[in-house]
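Everything quoted here is computed from the prediction, not taken from an experiment.
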Amino acid sequence: QVQLVESGGGSVQSGGSLTLSCAVSGYGNSRHCIGWFRQAPGKEREGVATIDTDGSSAYVDSVKGRFTISQDNAWNTVHLHMSSLKPEDTAMYYCAVDWKACWVGGDWYEYSKYKSWGQGTQVTVSS
C-alpha cells in the first residue's frame, strides 16, 4: 500500500525558509513522478513543483528561483526547500505520486494526474 507522509511545515516570517519532506513507501513503479501541491483557504489546489525519477523537475512561475525540489538517492524522500517565503505562500502543502513519468499522462500541475496523496503539512508565512 502506497503511503506518503509530509513533514517540515511551520510558521515563519516573510523572507524566511522552510524545507518540507515527503516520505514515500510502497512504490508501485520504478518510474514515477512526485509533486508538491498547495491549497490556501478558499482557493483551488495548485501545483507547486514536481520531480521525475530521471531527475527532471518543473515549478510554477510564482516559486521559480525561491523553491527547490530534490530527492534522496534511494527515492524514499522528496524535499521541497522553500526560501524567500512570502505571505502568499501560506497554504496547506501536499505531496502526491503518479506512477509514470511527469511528462506523460497529463500536465504535471494537474491535480487529477496524481494517484496517491499525503495528508498535508501547514505552512504559514507572516508579514
Side-chain angles (χ1 to χ4, degrees):
Q1 182 177 353
V2 176
Q3 188 173 21
L4 296 92
V5 180
E6 303 94 338
S7 62
S11 297
V12 296
Q13 291 190 331
S14 182
S17 299
L18 282 174
T19 297
L20 307 183
S21 297
C22 174
V24 186
S25 60
Y27 280 97
N29 189 10
S30 58
R31 183 69 189 274
H32 54 272
C33 175
I34 303 289
W36 280 100
F37 285 72
R38 65 186 178 187
Q39 189 166 19
K43 294 188 177 181
E44 294 187 356
R45 195 166 293 194
E46 173 189 40
V48 176
T50 198
I51 189 164
D52 192 286
T53 44
D54 69 0
S56 56
S57 60
Y59 301 87
V60 68
D61 285 348
S62 61
V63 308
K64 285 180 180 177
R66 300 190 298 121
F67 290 13
T68 302
I69 191 170
S70 64
Q71 78 281 356
D72 65 11
N73 289 336
W75 266 94
N76 292 326
T77 306
V78 171
H79 307 283
L80 184 69
H81 179 67
M82 308 183 295
S83 61
S84 301
L85 283 162
K86 305 174 182 180
E88 51 263 45
D89 294 317
T90 296
M92 184 71 78
Y93 283 71
Y94 302 88
C95 63
V97 62
D98 182 27
W99 297 115
K100 53 184 175 294
C102 289
W103 325 118
V104 299
D107 294 317
W108 72 264
Y109 48 82
E110 292 291 342
Y111 176 96
S112 59
K113 172 178 169 61
Y114 297 81
K115 301 304 182 284
S116 297
W117 292 80
Q119 293 301 305
T121 186
Q122 178 68 37
V123 172
T124 303
V125 185
S126 58
S127 57

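In the model, His79 has a side-chain atom that pairs as donor or acceptor with a side-chain atom of Ser21 under 3.5 Å. Side-chain contact annotation: His81 with Thr19, donor-acceptor N/O pair under 3.5 Å present. At a cut-off of 3.5 Å, with distance as the only test, no side-chain donor of Ser83 or Arg66 sits close to an acceptor on the other residue.
Using modelled atom types, no side-chain atom of Asp52 and backbone atom of Ser56 make a donor-acceptor pair closer than 3.5 Å.
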Working note: Phe37 + Tyr109, criterion ring-ring contact (aromatic ring centres under 6.0 Å, His included); need CA distance, chi angles, decisive distance, verdict. CA-CA 8 Å; Phe37 285 72; Tyr109 48 82; 8.9 Å; no

Checking Trp36 against Leu20 for the side-chain contact (heavy atoms from CB on, under 4.5 Å) test, could you report, in this order, the C-alpha distance in whole Å, the side-chain angles of both residues, the deciding distance, and whether it holds? CA-CA 10 Å; Trp36 280 100; Leu20 307 183; 3.6 Å; yes

Full working for side-chain contact (heavy atoms from CB on, under 4.5 Å) between Val48 and Tyr59: CA-CA 6 Å; Val48 176; Tyr59 301 87; 5.9 Å; no

Check against ring-ring contact (aromatic ring centres under 6.0 Å, His included), Tyr111 and Trp117: CA-CA 10 Å; Tyr111 176 96; Trp117 292 80; 4.7 Å; yes

Where do Gln119 and Met92 land on the side-chain contact (heavy atoms from CB on, under 4.5 Å) test, with the steps shown first? CA-CA 9 Å; Gln119 293 301 305; Met92 184 71 78; over 6 Å; no

Apply side-chain contact (heavy atoms from CB on, under 4.5 Å) to Thr50 and Ile34, showing your working. CA-CA 6 Å; Thr50 198; Ile34 303 289; 5.8 Å; no

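With contacts defined as side-chain heavy-atom distances shorter than 4.5 Å, the pair Tyr93/Asp89 qualifies. Contact check for Val97 versus Val2: side-chain heavy atoms found under the 4.5 Å cut-off. At a threshold of 4.5 Å between non-hydrogen side-chain atoms, the residues Ser14 and Pro87 count as touching. At a threshold of 4.5 Å between non-hydrogen side-chain atoms, the residues Ser116 and Leu4 count as touching. You'll find the side chain of Thr77 stays beyond 4.5 Å of the side chain of Val24, heavy atoms only.
When all heavy atoms are compared, the tightest approach of Cys33 to Tyr114 is SG-OH, 3.7 Å. Glu46 and Val60 make their closest contact through OE2-CG2, 3.9 Å (heavy atoms, listed as atom of the first residue, atom of the second, distance). When every heavy atom of Lys113 is checked against every heavy atom of Gly105, the shortest pair comes out as CG-O, 3.9 Å. Scanning both residues, Ser57 and Ile69, for their nearest heavy atoms gives CB-CG2, 3.7 Å.
A distance of 8.5 Å separates CG in Asn76 from OG in Ser25, rounded to the nearest 0.5 Å. Interatomic distance, OG1 of Thr53 versus CD of Gln71, reported as 8.5 Å (0.5 Å rounding). Going from atom OG of Ser112 over to atom CG of Asp107 covers 9.0 Å, rounded to the nearest 0.5 Å. Distance check: Cys22 SG to Glu6 CD gives 5.5 Å after rounding to the nearest 0.5 Å. We find the CZ-OG distance between Arg38 and Ser62 to be 4.5 Å, quoted to the nearest 0.5 Å. In this structure, NZ on Lys100 lies 13.0 Å from NE2 on His32, to the nearest 0.5 angstrom.
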Would you mind writing out the side-chain donor-acceptor pairs for residues 120-127 within the sub-3.5 Å range, not counting sequence neighbours?
{"residue": "Thr121", "atom": "OG1", "partner": "Gly9", "partner atom": "N", "Å": "3.1"}
{"residue": "Gln122", "atom": "NE2", "partner": "Ala91", "partner atom": "O", "Å": "3.4"}
{"residue": "Gln122", "atom": "NE2", "partner": "Thr124", "partner atom": "OG1", "Å": "3.4"}
{"residue": "Ser126", "atom": "OG", "partner": "Val12", "partner atom": "O", "Å": "3.4"}

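For the pair Arg45 and Tyr94, the cation sits on the ring face: its NZ or CZ lies under 6.0 Å from the ring centre, inside 45° of the axis.
Between Asp61 and Lys64, at least one side-chain nitrogen of the basic residue sits less than 4.0 Å from a carboxylate oxygen of the acidic one, meeting the salt-bridge criterion.
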